[in-house]
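Below is one structure, written out as structure tokens; the observations come after it.
Every chain is numbered from 1, with letters handed out A, B, ... down the list of sequences.
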Protein chains: 2
Amino acid sequence: MTQTDTVGRILDAAEVLFAERGFTETSLRTITSTAGVNLAAVNYHFGSKKELIQAVFERFLTPFTRSLVEELDRREAMDEPLSAERLLDSLYRVAMANLEREGRNPQRFMRLLGLAYTQSQGHLRRFIVSRYGDSYQRFAGLLSKALPGLDPVTFYWRLYFMLGATIFTLSSFDAIEAILKEDFGAESSLQETLERLVPAAAAMLHADL
Amino acid sequence: MTQTDTVGRILDAAEVLFAERGFTETSLRTITSTAGVNLAAVNYHFGSKKELIQAVFERFLTPFTRSLVEELDRREAMDEPLSAERLLDSLYRVAMANLEREGRNPQRFMRLLGLAYTQSQGHLRRFIVSRYGDSYQRFAGLLSKALPGLDPVTFYWRLYFMLGATIFTLSSFDAIEAILKEDFGAESSLQETLERLVPAAAAMLHADL
DNA sequence: CGAGTCGTCAAACAAGTGTTTTAATTGATG
DNA sequence: CATCAATTAAAACACTTGTTTGACGACTCG
């Protein structure tokens, strides 16, 4: 079964290269040569570069979203009150567990998520929303319920503030960490950074009007 | 004096197009044709595409940074205690005033700032840090002084959280606004969004450890 | 007027892009 | 073993990219 192998090697290489340089800055020739496969293999197996990009996202977003939904199911079944902190903690914990299980680099996925938003590839945004939008609407709904007394519009803006803080810092984690290390000699693990992020994000959601 | 005119037209067109599509997705031919000038004009006046990108940033970052420094001078001269809220408010106010004065679109510059960070054009990041780094170190220093009892590493992480929330949301302002309008029928002005952002960001900086 | 700089222009350049084609190779099935 | 589909391979395709060239006109200044 060589097919699965070629497809996997292409996805592995594309994932790394896209995260490092972005989509348009990464050529199919670079991908196929680092994957050790023929140039035509991308178009043969995926159809086009666009579809390859979507496949890269699908491979990590599908299991991650499923885990998140399962976690939300569990939390809701216990029907103890769901605090915002707990929900954020669940979100980050699921993300980390999912990525580490597959032995992949969490920052890389944050970089990819960031690219999906900033690098305005319209097709990608549409693909992600249509495929995973419902699950994240559900998360937002639960979070909103944990924050009574917040009007919907303010809530949604703060949700985006939080999303921005998360994606931006984690996708630049290596760069920021290097700066802090040089200035203060302090190493920061990703774990520690998330432990800083959760209470900070929660405080932002809870801020007085 | 046709020279100034051509240079200005190129900068105007490049500014808009870069913000809309990113750097690599915008070709010199697109820029020169929407600017109504000859293709060779870019290389003639700026040298290369890289230097054009830097020139676009220089044109709006230089006056903005100067205004910010002047504002900080004024605030410090009054030597009343500088709260974090006041500092953030100064920052946003200066940014808006600077951009509106020139009749340009504030979101566009946030998009450009976001691109400067995400689209990992190394040369741009180096250019900005070397040119404007000192001024922003000073802002960070004042903000840090307004938040005693916060260890430096946590402070800097929260500073990046804040930066991420700001750049991310404001650079996607139009998209987010469209979503909120569809879901809640609520229009949000940029002014209102900043008035939501300031207290939220301040709460994040002040969060308990 | 004539020399010389500065800016503009059309054209060409070399290199790189995603995709397609056609042929070779593989591996399983009847 | 022969057959046939699935996969890989090399080459070419058509097009776009940033940059350079050399001719041409406009202009100032001695």
### Message
With no hydrogens and no angle check, just 3.5 Å: does a side-chain donor-acceptor pair link B:S48 and B:E51?
### Response
yes
### Task
Look at the side chain of B:S48 and decide which nucleotide, out of D:dT8, C:dG7, D:dT19, has an atom nearest to it.
D:dT19
### Query
Quick one: is D:dT8 close enough that its OP1 or OP2 comes under 4.0 Å of any side-chain N or O from A:H45?
yes
## Note on the structure
Rounded to whole Å, the CZ-P distance (A:F46 to C:dG18) equals 15 Å
### Task
Would you check if the side chain of B:H45 reaches a backbone N or O of B:A41 as a donor-acceptor pair within less than 3.5 Å?
no
#### Entry: Nearest-Å distance for atom pair CZ/P, residues B:F23 and D:dG18
13 Å
### Message
Distance check needed: C:dG16 C1' versus B:K49 NZ, whole Å only.
### Response
13 Å
### Query
Using a cut-off of 4.0 Å on non-hydrogen atoms, how would the nucleic acid contact of B:T26 be classed: base, sugar-phosphate, or nothing?
sugar-phosphate
### Short side-chain N/O contact from A:S27 to OP1 or OP2 of C:dG16, under 4.0 Å
no
## Note on the structure
By nearest-heavy-atom nucleotide on DNA chain C, the more 5' of A:G47 and A:T30 is A:T30
### Message
One character per nucleotide, please: for nucleotides 10-15 of chain D, 5' to 3', B when the base has a protein heavy atom closer than 4.0 Å, S when only the sugar-phosphate does, - otherwise.
### Response
B-B---
### Task
Please identify each residue that fulfils ring-ring contact (aromatic ring centres under 6.0 Å, His included) with B:F60, with sequence neighbours left out.
B:F57, B:F109
### Query
Do A:E195 and A:Q191 have a side chain donor and acceptor closer than 3.5 Å?
yes
### Summary
Output field dot_bracket for DNA chain D (Watson-Crick or G-U, both distances under 3.5 Å, | for other-strand pairs) contains |||||||||||||||||||||||..|.|.|
#### Entry: side-chain hydrogen bond (donor to acceptor under 3.5 Å, both in side chains) against A:S144, all qualifying residues, sequence neighbours excluded
none
### Message
Apply side-chain contact (heavy atoms from CB on, under 4.5 Å) to residues A:R138 and A:S135 and explain how you reach the verdict.
### Response
CA-CA 5 Å; A:R138 182 173 164 211; A:S135 303; 5.7 Å; no
### Task
Look at the aromatic rings of B:Y156 and A:F184 and report parallel, tilted or perpendicular, splitting at 30° and 60°.
tilted
## Note on the structure
By ring-ring contact (aromatic ring centres under 6.0 Å, His included), A:F18 pairs with (sequence neighbours left out) A:F23
### Message
Tell me the interatomic distance from A:K50, atom NZ, to C:dT19, atom C1', rounded to whole angstroms.
### Response
14 Å
### Query
What pairs with A:T193 under side-chain hydrogen bond (donor to acceptor under 3.5 Å, both in side chains), at least two apart in sequence or on another chain?
none
### Task
Figure out the CG/C1' separation between A:L28 and C:dA15, and round it to whole Å.
17 Å
### Message
Measure OH/A:Y44 against C1'/C:dT26 and give the value in whole Å, please.
### Response
12 Å
### Message
Between A:T6 and D:dT8, is there a contact of a side-chain N or O with OP1 or OP2 at under 4.0 Å?
### Response
yes
### Query
Expressed in angstrom and rounded to an integer, what is the separation of A:N43 atom CG from C:dT21 atom P?
11 Å
### Message
Whole angstroms only, please: what is the CG-P distance between A:D5 and C:dT26?
### Response
16 Å
